[in-house]
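What follows is a single structure, written as structure tokens, with notes after it.
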Amino acid sequence: MERAVPPTFVDKSRVLDVKPLRSLVPVFPSPPQAPPFICSPPFGPFPPGFSPFYPFSSPDQNQQSARAGSTNQGGFTFSQPTRTPPGPIPAPIRSYRTPKPVAKPNGDTVLSMETSREDMPFVKQSADIGGLEMNEGFIDSQRRAAPHLRRSKSSQKKSKRNQDAAFLLSIDGDKGSFKNFIIGCSSFQQDDGNREMVNYVLMTFDALRRRLSQVEDAKEAPTGVIKRADLKSGNILMSKGLRTNMRKRIGVVPGIEIGDIFFFRMEMCLVGLHSQSMAGIDYMIDKSDLEEEPLAVSIVSSGGYDDDAEDRDVLIYSGQGGNINRKDKQVADQKLERGNLALERSLRRANEVRVVRGIKDVVNPSSKVYVYDGLYIIQESWIEKGKSGCNIFKYKLVRTPGQPGAFAHWKSIQKWKEGFLSRAGLIIPDLTSGSESIPVSLVNDIDDEKGPAHFTYFPTLRYSKSFNIMQPSYGCNCHKACLPGDLNCSCIRKNGGDFPYVANNILVSRKSLVYECGPTCPCFPDCKNRVSQIGLKVHLEVFKTADRGWGLRSWDPIRAGSFICEYGGEALDGVKVKQDGDEGDSDEYVFDTTRIYENSLKWNYEPGLLDEGSSVDANEDYKIPSPLIISAKNVGNVARFMNHSCSPNVFWQPVLYEHNSESFLHVAFFAIKHIPPMMELTYDYGISQSEKYEAQSNNAPLKKKECLCGSSKCRGYFG
DNA sequence: GTGTGCTCAACAAT
DNA sequence: CATTGTTGAGCACA
């Protein structure tokens with residue numbers, strides 16, 4: 001398994017031809033950061049909506065930092081997160097970039113935040129922007145930054161939750177020809193982020209990207225096109241200052257955790273992990289010394305060059321330039337400049353470099369996943385002759401020990417799938433006995449329990465024959481695949497004219513109801529409007545948690561908006577359930593659509609970021625047309641194992657489709673955000689009317705059992 | 001400040 | 001499905 005290093009052809013003389021440095025001490029750009037997941041009071045260690053990420057271990061283990069170290073789980077060692085002590089006292093480096101005004105196509109200019117704020121009339125406060133609430137510290141920092149932005153008296157009366165909201169500002173241009181909504185975040189938040197800010201930026205980016213894709217898909221002819229919705233969405237957010245960690249830095253980026261995944265280069269730009277939209281090497285100028293020199297901050301290795309990325313902890317990275325990937329230019333020797341020079345200087349200084357590994361997405365082979373794999377040190381560099389015969393720089397990067405595993409876990413999972421390595425604690429390779437298209441593993445690497453109580457696996461929802469929940473309805477008349485923008489398709493019309501999904505079967509936004517084509521629609525079975533009916537797309541495993549019974553997680557990465565599974569089981573008559581309601585703990589596996597989220601989840605694009613005006617109804621109240629209660633106690637599927645969290649990464653969405661002239665309601669689960677492999681899947685179990693009443697009358701939070709989100713607001717359900 | 005060139009994208013077409 | 005062509009974004013640097 002050992003790689004062959006060093007290479008045969010080594011010409012270090014050329015690389016070493018640099019001016020002597022006065023100091024080879026590593027340079028850190030900013031004071032040692034507290035671990036990004038520690039938030040200041042009063043929000044507790046983990047703010048609502050943002051739990052720490054540690055694949056392969058449960059959060060409660062991680063909170064016990066005394067137990068940090070290595071655990072051996074069935075012959076497979078996973079390192080617990082440990083933080084290496086900060087290095088030498090850093091010499092501050094400042095590398096600020098100021099947002100530039102961006103010219104809009106119509107000639108108007110989008111003002112940068114700092115200048116525009118003075119002129120912006122306060123228009124509106126929103127309690128919920130993009131489904132995420134901002135904490136009080138966030139708001140306070142805004143008030144400090146813009147003290148003239150005072151709340152109106154009426155808005156002061158609003159609830160505490162509204163105080164937690166971010167400001168939504170709107171300005172009119174000179175001629176009122178455009179509206180520019182800006183999330184008021186202080187320059188501090190833009191320079192140095194935190195977990196909340198990172199999540200907020202990423203959620204906003206993807207929601208906007210999905211909407212732009214949806215609009216683009218609906219166009220008949222590709223004119224005036226928004227190809228590359230990722231670039232467009234990123235550009236909009238950049239120009240509005242909706243980004244974070246803008247100040248470049250060496251080492252840890254606040255709010256970004258090892259193992260975090262991304263699906264677009266733009267995402268990494270927006271959160272300050274890697275600020276080059278294409279280039280593989282990101283660097284900054286160190287001005288702390290009399291002599292300015294470039295230092296590398298991060299690299300992306302994703303197959304564009306001939307890297308050696310087979311090893312888990314070692315990466316042989318190729319330098320940039322030499323026209324390797326350009327058809328319009330002659331190949332040439334790479335030069336010791338730009339990123340190559342920066343890497344060389346970082347080697348001499350022994351500075352850490354962030355490494356992002358780009359991997360082909362097994363679920364959607366056309367796209368790539370970027371995994372943040374933590375900090376590496378450049379151990380050596382040399383020049384090699386490339387395939388074209390020209391010189392190519394090579395850098396050997398070695399992963400700093402003691403960091404939680406990220407890329408290494410991907411390699412393990414790959415081996416499980418290929419059968420070269422068996423999953424430790426595997427009890428049954430497929431607990432569905434083949435009734436799903438992809439096997440679902442049953443795993444216990446915690447204790448001796450051999451599995452959950454017996455139930456019958458049924459992959460979807462079973463309606464009793466007499467149970468017709470909807471009036472008769474009919475499917476569409478399309479004869480191939482239903483196409484976005486085709487308003488002749490009745491299924492699309494039911495969705496308000498918008499095709500609910502975009503490329504890679506990704507849901508665009510949360511709605512009261514999504515109408516899919518059903519079994520009797522004449523369109524082809526591969527019609528893209530049948531996402532929730534196509535079955536599992538990722539390899540799931542039911543696993544034993546440390547203290548919440550069995551849980552559900554995925555071997556594969558899951559993109560935000562991806563369909564995960566539906567809630568399988570038996571549809572119950574609502575009246576009957578109430579009569580049988582006193583059956584002890586019989587509600588443990590009951591899904592009830594009348595339970596609502598206490599913390600509202602909009603999971604929607606922010607209309608103010610587009611010039612859509614009021615054509616988009618952003619204030620949908622998500623009412624279910626007809627209550628549906630599902631029991632998965634005796635008959636069910638993987639969804640019955642999903643635990644509760646009030647900082648969930650999954651939400652449920654009612655989906656309706658037609659069968660034999662009757663419409664049937666289903667409950668489909670979609671990813672709220674990108675979910676790295678092996679992170680537990682959870683959704684908000686919500687709250688029933690009676691529980692809501694009880695909580696209000698007792699003026700105390702309901703606590704059945706502890707939820708691990710750490711929020712003081714949490715009611716702590718799990719099933 | 002402003003313009004130009006560089007770059008381990010992302011898609012669609014083939 | 002591997003390859004090819006097309007259009008790009010932020011950023012560094014002149």
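Computed over heavy atoms, backbone and side chain alike; hydrogens, waters and symmetry mates excluded. Per chain, numbering begins at 1; letters A, B, ... match sequence-line order.
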Distance, rounded to the nearest Å, where [X] contributes [atom1] and [N] contributes [atom2]:
| X | N | atom1 | atom2 | result |
| --- | --- | --- | --- | --- |
| A:Leu270 | C:dA9 | CG | P | 13 Å |
| A:Asp373 | B:dC8 | CG | P | 19 Å |
| A:Arg247 | C:dC11 | CZ | C1' | 18 Å |
| A:Gln276 | C:dA12 | CD | P | 6 Å |
| A:Asn245 | C:dG10 | CG | P | 18 Å |
| A:Leu341 | C:dC13 | CG | C1' | 14 Å |
| A:Glu337 | C:dC11 | CD | C1' | 15 Å |
| A:Asp307 | B:dT7 | CG | P | 15 Å |

A:Lys248 side chain: which of B:dC8, C:dG5, C:dA12 is closest?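 When the side chain of A:Lys248 is considered, C:dA12 is the closest of B:dC8, C:dG5, C:dA12.
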Side chain of A:Ile285: nearest nucleotide among C:dC13, B:dC6, B:dC8? C:dC13
Check: A:Asp282 side chain, C:dC11 base, donor-acceptor under 3.5 Å: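 For A:Asp282, whose side chain was compared with the base of C:dC11, there is no donor-acceptor pair (under 3.5 Å).
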Please check this pair: side chain of [X] against backbone of [Y], looking for a donor-acceptor N/O pair closer than 3.5 Å.
| X | Y | value |
| --- | --- | --- |
| A:Glu418 | A:Lys415 | no |
| A:Asn391 | A:Lys385 | no |
| A:Asp191 | A:Met246 | no |

Regarding A:Gly321, tell me which of base, sugar-phosphate or nothing describes its non-hydrogen contacts under 4.0 Å with the strands shown.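 Sugar-phosphate: the residue A:Gly321, judged by heavy atoms under 4.0 Å, touches backbone atoms but no base.
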So that I can tick it off, tell me whether A:Glu293 and A:Arg345 are bridged by a salt bridge, with the cut-off set at under 4.0 angstrom between side-chain N and carboxylate O. yes
Can we say A:Asp556 and A:Lys417 salt-bridge, meaning some charged N sits less than 4.0 Å from an Asp/Glu carboxylate O?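 Answer for the salt bridge query: yes.
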Distance only, no hydrogens: is a donor on one side chain within 3.5 Å (strictly under) of an acceptor on the other, for A:Asp307 and A:Ser318?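 Looking only at side-chain atoms, A:Ser318 and A:Asp307 do form a donor-acceptor pair, the distance falling under 3.5 Å.
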Quick one about A:Asp282 and A:Gln276 (side-chain donor to acceptor, distance below 3.5 Å, no hydrogens or angles considered), yes or no?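 Indeed, the side chains of A:Gln276 and A:Asp282 share at least one donor-acceptor pair under 3.5 Å.
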How do A:Arg338 and A:Gly234 order along DNA chain C: which one's closest nucleotide is nearer the 5' end?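 Closest to the 5' end, via its nearest nucleotide, is A:Gly234.
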Please figure out whether A:Ala279 or A:Lys360 has its closest DNA chain C nucleotide nearer the 5' end. A:Lys360
Just wondering, do A:Tyr317 and B:dC8 stack (centres under 5.5 Å, planes under 30°)? yes
Per-nt protein contacts along nucleotides 9-14 of chain B (heavy atom under 4.0 Å; B base, S backbone sugar-phosphate only, - none) come out as BBS---
At less than 4.0 Å, is any side-chain N or O atom of [X] found next to OP1 or OP2 of [N]? Yes or no.
| X | N | answer |
| --- | --- | --- |
| A:Tyr283 | C:dC13 | yes |
| A:Asn325 | B:dT7 | no |
| A:Lys329 | B:dG5 | no |

Please confirm whether A:Phe263 and A:His674 have ring centers closer than 6.0 angstrom.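 Yes - the distance between ring centres of A:Phe263 and A:His674 falls below the 6.0 Å cut-off.
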Is it true that A:Tyr395 and A:Tyr317 have ring centroids separated by less than 6.0 Å? no
So, do A:Ile506 and A:Ser562 sit near enough that their side-chain heavy atoms are less than 4.5 Å apart? yes
DNA chain C: stems of at least 3 consecutive Watson-Crick or G-U pairs, cut-off 3.5 Å?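 Result, WC/G-U stems under 3.5 Å: B:2-7 with C:9-14, B:9-14 with C:2-7.
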